[in-house]
Chemist: 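Pasting a structure here, questions to come.
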Amino acid sequence: MAAMAALQSSMTTLSLSSNSFLGQRLSVPPSLSPLTVKPRENPCLIVVKLKRWERKKCKPNSLPILHKMHVKAGDTIKVISGRDKGKTGEVTKIFKHNSTVVVKDINLKTKHMKSREEGQPGQIIKIEAPIHSSNVMLYSKEQDVTSRVGHKVLDDGKKVRFLLKTGEIIDSDENWKRLKEAGKEKTEVAAAAAAAAAASTS
């Protein structure tokens, strides 16, 4: 009996409630409470830099935005950087989605072509690889100087490009006629080759 009385007295001194064992916290004296941490006024924000292809702006149809270029097909340029630095040539093709140009007989690469037909041997050819437009400048053959490009409107209301150093107009009617004739010749040659291939297969 004495042992039972001692146990009851010890339980009353602990002052435990029946709800303390049902998932609720025990009553902790304030002297043993954990320290409260004050939040910082200016929290440190982690900034993640996006990659280039994630920052690339696209049109609503998911196509890349075309870049404005200072050169056009048919322009005479001079390479100012790279392996072919100092060489001059004519621009044959431009790519506005990545701002590159193809120049005649410049930046040649070796390509191994497999034989397409039986009995026809393979061949090694040289192709003109594109170079970035920032590595070329417009070139004047008459005064042998490179220059940046400017824009102006003529008296007849036509907007043309000209060289800032020499004042030479680039967009002349003769150049456009020459480019059109070259394009027609290419299409005629391609049509003749296609007709010859069709005749040989038949």
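The structure displayed is predicted, hence computed values, not measured ones.
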Chemist: Atom CG of Asp156 and atom CG of Leu154: how far apart are they, to the nearest 0.5 Å?
Modeler: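 Taking CG in Asp156 and CG in Leu154, the distance rounds to 5.5 Å.
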Chemist: Can you sort out the partners of Lys87 under salt bridge (charged side-chain N to carboxylate O under 4.0 Å, His left out), two or more places apart, ordered by chain and number?
Modeler: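 Here the qualifying residues are Asp84.
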Chemist: Atom NZ of Lys159 and atom NZ of Lys152: how far apart are they, to the nearest 0.5 Å?
Modeler: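 These two atoms lie 13.5 Å from each other.
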Chemist: Does a sphere of radius 6.0 Å around CD in Glu142 hold more than 12 heavy atoms from other residues, nucleotides or ligands, not counting ones at 6.0 Å or beyond?
Modeler: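 No, the 6.0 Å shell around CD holds no more than 12 heavy atoms from other groups.
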Chemist: Val91 and Lys72: side-chain contact (heavy atoms from CB on, under 4.5 Å), yes or no, with the steps?
Modeler: CA-CA 7 Å; Val91 178; Lys72 293 182 180 180; over 6 Å; no
Chemist: Hey, are Ser140 and Glu168 close enough side-chain-wise for a donor-acceptor pair under 3.5 Å?
Modeler: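 Ser140 and Glu168 do have a side-chain donor-acceptor pair below 3.5 Å.
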Chemist: When the side chains of residues 124-135 are checked against the rest of the protein, which donor-acceptor pairs come out under 3.5 Å, sequence neighbours left out?
Modeler:
| unit_1 | atom_1 | unit_2 | atom_2 | d |
| --- | --- | --- | --- | --- |
| Lys126 | NZ | Thr110 | OG1 | 2.9 |
| Glu128 | OE2 | Asp105 | N | 2.9 |
| His132 | ND1 | Ser134 | N | 3.1 |
| His132 | ND1 | Ser134 | OG | 2.8 |
| Ser133 | OG | Ser99 | O | 3.3 |
| Ser133 | OG | Ser99 | OG | 2.6 |

Chemist: Spell out, as yes or no, whether a donor-acceptor pair under 3.5 Å connects the side chain of Thr146 to the backbone of Met137.
Modeler: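 Between the backbone of Met137 and the side chain of Thr146 there is no qualifying donor-acceptor contact (under 3.5 Å).
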Chemist: Compare all side-chain heavy atoms of Gln143 with those of Leu163 and state whether any distance is below 4.5 angstrom.
Modeler: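 With C-beta onward as the side chain, the pair stays apart.
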Chemist: Report the distance from atom CG of Leu138 to atom OG1 of Thr76, rounding to the nearest 0.5 Å.
Modeler: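 If we round to the nearest 0.5 Å, Leu138:CG and Thr76:OG1 are 8.5 Å apart.
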Chemist: Near Arg83 CZ, under 6.0 Å, is it more than 12 heavy atoms from other residues, nucleotides or ligands?
Modeler: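 Correct, the count exceeds 12.
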Chemist: Over all heavy atoms of both residues, which pair between Asn98 and Thr100 is shortest? Give the atoms and the distance, please.
Modeler: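 Looks like OD1-OG1, 2.9 Å.
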Chemist: Can you confirm whether Asp155 is buried at CG, in the sense that more than 12 heavy atoms of other residues, nucleotides or ligands lie under 6.0 Å from that atom?
Modeler: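 Result for CG/Asp155: open.
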Chemist: Does the pair Lys158/Asp171 count as a salt bridge with the N-to-O cut at 4.0 Å?
Modeler: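 So Lys158 does not pair with Asp171 through a salt bridge.
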Chemist: Roughly how far, to the nearest 0.5 Å, is CD of Glu90 from CD1 of Ile77?
Modeler: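 Going from CD1 on Ile77 over to CD on Glu90, the span is 10.0 Å.
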Chemist: In terms of hydrophobic clusters joined by side-chain contacts under 4.5 Å, are Val79 and Val102 together?
Modeler: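 As far as the 4.5 Å side-chain criterion goes, Val102 and Val79 are not connected within one cluster.
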Chemist: Examine distances only and state if a side-chain atom of Arg161 and a backbone atom of His70 form a donor-acceptor pair shorter than 3.5 Å.
Modeler: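 Between the backbone of His70 and the side chain of Arg161 there is a qualifying donor-acceptor contact (under 3.5 Å).
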Chemist: Tell me whether Val136 is reachable from Val149 by hopping between hydrophobic residues (I, L, V, M, F, W, Y) whose side-chain heavy atoms are closer than 4.5 Å.
Modeler: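 As far as the 4.5 Å side-chain criterion goes, Val136 and Val149 are connected within one cluster.
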Chemist: Kindly indicate whether the side chain of Val145, heavy atoms from C-beta on, has any atom under 4.5 Å from the side chain of Tyr139.
Modeler: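 The answer is no, as the side chains (C-beta and beyond) never meet within the 4.5 Å cut-off.
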